[in-house]
> 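One structure is given below, represented as structure tokens, and several questions about it will come after.
Scope of the values below: all heavy atoms of this structure, side chains included, with no hydrogens, waters or symmetry mates.
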Amino acid sequence: MNFPILSSLILLPLLGALFIFFSKSKSNTNLTSKYLALFVSFSNFILSLYLWYLFDPSTSEFQFLEEQSWIKGFVNYKVGIDGISILFIILTTFITPLCVVSVNNTIKNRLKDFLVAILVMESLMIGVFCSLDLVVFYLFFEGGLIPMFLIIGIWGGERRVYSAFKFFLYTLLGSVLMLVAIISIYWVTGTTDVTYLYSLGIDEKYQYLLWLAFFSSFAVKTPMWPVHTWLPDAHVEAPTAGSVLLAAILLKMAGYGFIRFSIGLFPIASEYFIPLIYILSLVAIIYTSYVALMQEDMKKLIAYSSVAHMGFVTLGIFTFTQQGLEGSIYQMISHGLVSAALFLSVGVIYDRMHTRLISNYGGLVSIMPKYSIVLMVFTLGAIGLPGTSGFVGEFLILIGTFQKSFLVAAIASIGVILSAAYMLWLYKRVIFGAIQKNEIRKMDDLNKSEIFVLSSLVFPIILFGFYPEPLLSTTEVSIENLIDMYKSNLKPNLIKN
Amino acid sequence: MEFEYLIIFLPLIGSIISGFFGKILGSRNSEILTSLFVSISTIISFIIFYKVFNEDYTNNLDIVTWISSGTFNVNWSIKIDALSSVMLVVVTLVSSIVHIYSIGYMSHDPHKQRFMSYLSLFTFSMLMLVTSDNFLQLFFGWEGVGLCSYFLIGFWFKKESANAAAIKAFVVNRVGDFGFALGIFLIFYLFGTVNYNEVFELVPLTLDKYFSFLGLNINAIDLICILLFIGAMGKSAQLFLHTWLPDAMEGPTPVSALIHAATMVTAGVFLVVRCSPIYEYSPFVLNVITIIGMSTAFFAATVALAQDDIKKIIAYSTCSQLGYMFFAAGVGAYNVAMFHLFTHAFFKALLFLGSGSVIHSFKDEQNIKLMGGVWKKLPYTWILMIIGTLALTGFPFLSGFYSKDAIIEFAYLRGNTTGYFAAGIGIFTALLTSIYSWRLIFKTFHGNYNNKKLNISDMHESPMVMIIPLIILAIGAIFCGFLFKDLFIGIESSNSFWKNSIFFLEPLSRNHPPLWFILITPILVILSIPVAYYIFIKNTKITNDIVNGNLPLYNFLKNKWYFDELYEYLFVNPSKKIGLYFWKKIDLRFIDRFGPDGVSSLIKSISLLAVKFQNGFIYHYAFIMLLGFSALLTFLILK
């Protein structure tokens, strides 16, 4: 057996977390823990790039497979990746070190524990994206809740307890149903191995309920309308690094889940529920855009815009077209970068002014010119201007959607007008105008670590806007295969159990 | 290394250097560098233009793949043909002139590097737009110029009105882009490609495809044409989507000349002309374009009559002239539309830059009622503005004469009702154009000096770095109509020059309208000069009487037909209300109340109920145990 690169990716942050956790707690070790966390997460990023280098994009087979018997005859620890999952892993390993760097200013107490939570989170997220067994997936998927719950509950703002519980309540509700569904899949088919289930197929009569059970979990995590109200609260209360992880990675688990499990395992039900998904996605796009327009809190505004952007993702996935699916993955990666960047940017001025209210700012451009430039790039990314990564995803999704329905594509495109309105208005109120408050004059422009963090996000947002080929060619074959599999499964020659 | 790369990427390089290293370079070096790069671009553009009409040169370079997903493939590209070579010349020439002029105009501004960087970035985006060989790169340039326009309108970021105008421009344009994007989706859906040549080849084979939308059956080609035209209306400020253009005058004047007169706003016209192989198959949409075009021409001219802001008058004039270009395209005279675009770039940029010179001299005063009588103080500006005005109004043998009259003639020759109607409106609008233009000249330069803040002796002419660019434009405004009329709109032009770049389903009419018809417009235009002088300078009582006698009409025009108020009422305020309603009522009052908060309060009340049983009295527990035990017993017995 070759070097178990996927398990290493999963375990490395966990080991780092253990090491930090058990190191003696002294005030001066905070810095060492930070460097250690940075070292671990950065090594993981390099390792994941190496994985990408080794990855063969010309096949849709799962690669780097590892299998270990865990509970005999029931659960195997099985991991492997294809073109759909690899980009999410790289996104995770890329965002985590940036979070570690950014904690500098935000986290004042129990920094060590915070770093542990971030690293554990990274492990679990990578686990989600490469597990090929339903039970293992479930464990990673739900495990991710715990560090996030702690991050919000311990290091959050004033209403952190309310937000943490809301977050927990919502996500748990969906997950319980998914657990029941996984158990019933085992009853029906006798296995929880995803690749085996792909070839086996699941009887049509079970698909609808199972699909709904998975859907209830994924819909909450996406989040889709109307189960989205936990997100703005969670974001507002979470510390910057928490918001970043939440927006950039946690939300992507659901989109990934839809592609890997809902379409892969329940194609007939997926086809059947298209209208439901389209309606909820359109409502998410239009409704939350309007809500975002009127927000007074920057983080809430970005949180609502996330819901709208994820509406595009769910729309694209359920077009079952090459453009729609590739666009959705692209949109998720892009949103991961852009939303992370926006939350980090809000964090930058929050650290200085300790307020997130838009009305407390104004005129920053003359005080913080560098900040204004990077924020402009991120704003444009969120608007989806051509030349930023946001455009490619949105455009491909809409092209895919159009092949299904003119009307749906037309309504979704209205979201493009609204996003320009709320993002530019936000930018204007924060950055332009005359300076209203004296405190603003005392603000410093970006320091070195902030420049490092933000510019490492500017770079990929622009690069992948002009040259998306590296990402698109990675996903292409796997998506083609997924669509073929989906189409052949729609035909009635299912293997009955 | 192909020449074409230099044209497009030099402005980009200039922009990056000036934007990121401007502090190190210093403002003067940044100005020189960006101007130099754009000027080199201009020279190469002229060489290419010369090669195109002299040697039939064409080229189509693929730079690199942009997006490739399944059957959707798009490259970054540079396409050179007659149409794009004309646009190259217009864009780079006006851009380089504006770059140089800005050195003088922005001399007191602390952010010169940023300004030059935006100008160059704009030039790059515009060049990407015109040299694209597919709809997606066109869209990239389209959004890119929109973005630069946003930056430049809001350049004076401390002004609240400038910020509002910038956002308005972007968002209104997005409404147009919404149509444009849907058009691109439909093109890909129908033809499986977004490459011009491939699409245009397939159009004649796809004429009888229908598309049902909300129960209506629409011809697919018609639908594409309408959707693309909605995009064009946004960018070219046509009626209903025009409201952003006058507000865009908040930006520095060189920006107005470059973006909001000569180049960006003509992108919509360019789009329609570029898509002539599609539009030719949709007579219905061509009629729509004619009607929208002439309505805009008329509407904007009437509004311009009642404005007092020098830049707003010229802005409405631009809007009106763009209307002319559209109705030229609508009657199938695409080459005439391009010709008017070409000549308009010169005289309108001249007028804007001239007005900039006036504003500069009046220390940022823009109201023409507070000017007057300064023609001796600003002699060059005065003469140059008069040349621009003559060219705009279509005074015989200046450039506007050849292009605008040709539009009216071709509308007449179209021979259908819309054509005659458009020709009539065209003539009347030409008269209005002449009146408001001369009003501007007379109020600004003649009559009494009306400015109380500045002493007339302090007035002085702008520096040479601003005047020389104007002279170049004036030369163009005088001669380019005469020089290029055969090339652009001559009888053989479609074969000898335009070739494949413009498609005519049926060759344009070679007839001439009757002589009396040809003579109407020039006569009206010439006659209007003394009339305007009389009513605006000699006997202002007449104008006052007209205004006071028709106050409602005057206010209607002065307030731009109340479009802004209408949109505020129809779109802006409801959007805010909807947003608040969704947020406060549905999210908070409904979803949260019955969702998570409801669940948690339910659990709380249930547990409060359960707590009541644990009261510590042993006989309560015993009683409940007894109840349970008997229930179990009953169950077992009955079973």
Side-chain angles (χ1 to χ4, degrees), chain A residues 165-166 169-170 173 226-230 232 287-295 304 321-323 326-327 330 363 365-366 380 385-387 391-392 395-396 398-399 401-403 406-407 409-410 413-414 416-418 420-421 424-425 428 431-434 466-469 472-473 476 479-480, chain B residues 19 64-72 76 136-137 139-144 146-147 150-151 154 157-160 162-164 166-167 170-171 174-175 177-178 181-182 184-186 188-189 211-214 575-576 578-584 586-588 590-592 595-597 599-600:
Chain A
F165 271 103
K166 201 171 179 183
L169 205 63
Y170 257 121
L173 186 82
V227 285
H228 64 280
T229 59
W230 62 271
Y287 175 104
T288 48
S289 296
Y290 273 116
V291 177
L293 200 60
M294 295 315 291
Q295 294 307 308
Y304 274 110
T321 56
Q322 184 81 25
Q323 289 85 24
E326 277 193 56
Y330 207 93
V365 64
S366 38
L380 297 176
L385 200 86
F391 171 72
V392 180
F395 187 81
L396 285 175
L398 287 171
I399 274 228
T401 310
F402 196 93
Q403 304 182 32
F406 181 93
L407 189 64
S413 304
I414 296 175
V416 176
I417 304 176
L418 292 172
L424 287 180
W425 198 28
K428 179 209 130 181
I431 299 295
F432 292 141
F466 281 91
Y467 192 63
E469 208 43 34
L472 290 176
S473 60
E476 188 172 14
I479 295 283
E480 263 171 30
Chain B
V64 69
T65 306
W66 183 13
I67 299 178
S68 154
S69 165
T71 51
F72 184 83
W76 293 109
L136 203 64
Q137 185 186 327
F139 191 66
F140 165 83
W142 194 267
E143 295 281 295
L147 175 70
Y150 166 84
F151 285 146
F157 54 83
K158 284 183 184 160
K159 263 165 74 183
E160 200 57 39
N163 290 322
I167 292 186
F170 199 89
V171 174
R174 274 256 151 163
V175 176
D177 298 345
F178 160 76
L182 284 178
I184 298 176
F185 302 150
L186 181 56
F188 178 70
Y189 176 76
F211 209 81
S212 73
F213 175 62
L214 295 175
S575 293
K576 291 183 177 174
I578 291 171
L580 274 180
Y581 182 82
F582 281 165
W583 176 31
K584 299 272 186 191
I586 300 187
D587 259 24
L588 298 182
F590 191 79
I591 297 178
D592 272 3
D597 296 356
V599 171
S600 60

> Start with the C-alpha distance between F395(A) and F72(B), add both sets of side-chain angles, then the distance that settles ring-ring contact (aromatic ring centres under 6.0 Å, His included), and finish with yes or no.
CA-CA 11 Å; F395(A) 187 81; F72(B) 184 83; 5.8 Å; yes
> F402(A) vs I399(A), test: side chain to side chain contact (heavy atoms under 4.5 Å, CB included). Steps then yes/no.
CA-CA 5 Å; F402(A) 196 93; I399(A) 274 228; 5.8 Å; no
> For chain B, which of Q323(A), E469(A), E326(A), Q403(A) has the most heavy-atom pairs under 4.5 Å?
Q323(A)
> Determine, stepwise, if the pair F466(A) / F140(B) fulfils ring-ring contact (aromatic ring centres under 6.0 Å, His included).
CA-CA 10 Å; F466(A) 281 91; F140(B) 165 83; 5.5 Å; yes
> Counting only non-hydrogen atoms closer than 4.5 Å, does E160(B) touch chain A with its backbone (N, CA, C, O), its side chain (CB onward), both, or neither?
side chain
> Name the member of L293(A), V227(A), V416(A) that forms the most heavy-atom pairs with chain B at distances under 4.5 Å.
V416(A)
> So which of I417(A), L418(A), I431(A) has the largest heavy-atom pair count under 4.5 angstrom toward chain B?
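Ranked by heavy-atom pairs under 4.5 Å with chain B, first place is I417(A).
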> Out of Y170(A), F165(A), W230(A), which one racks up the most heavy-atom pairs below 4.5 Å with chain B?
Y170(A)
> Return the option, out of P386(A), A292(A), A420(A), A421(A), with the maximum number of heavy-atom pairs under 4.5 Å with chain B.
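Greatest number of close heavy-atom pairs with chain B: P386(A).
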> Could you look at Y150(B) and say if it's the side chain, the backbone, both or neither that has a heavy atom under 4.5 Å from chain A?
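Just its side chain gets close to chain A.
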> Looking at V392(A), L398(A), L169(A), which makes the most heavy-atom pairs under 4.5 Å with chain B?
L398(A)
> Check each atom of L424(A) against the heavy atoms of chain B and say whether the ones under 4.5 Å are side chain, backbone, both or neither.
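Its backbone and side chain both get close to chain B.
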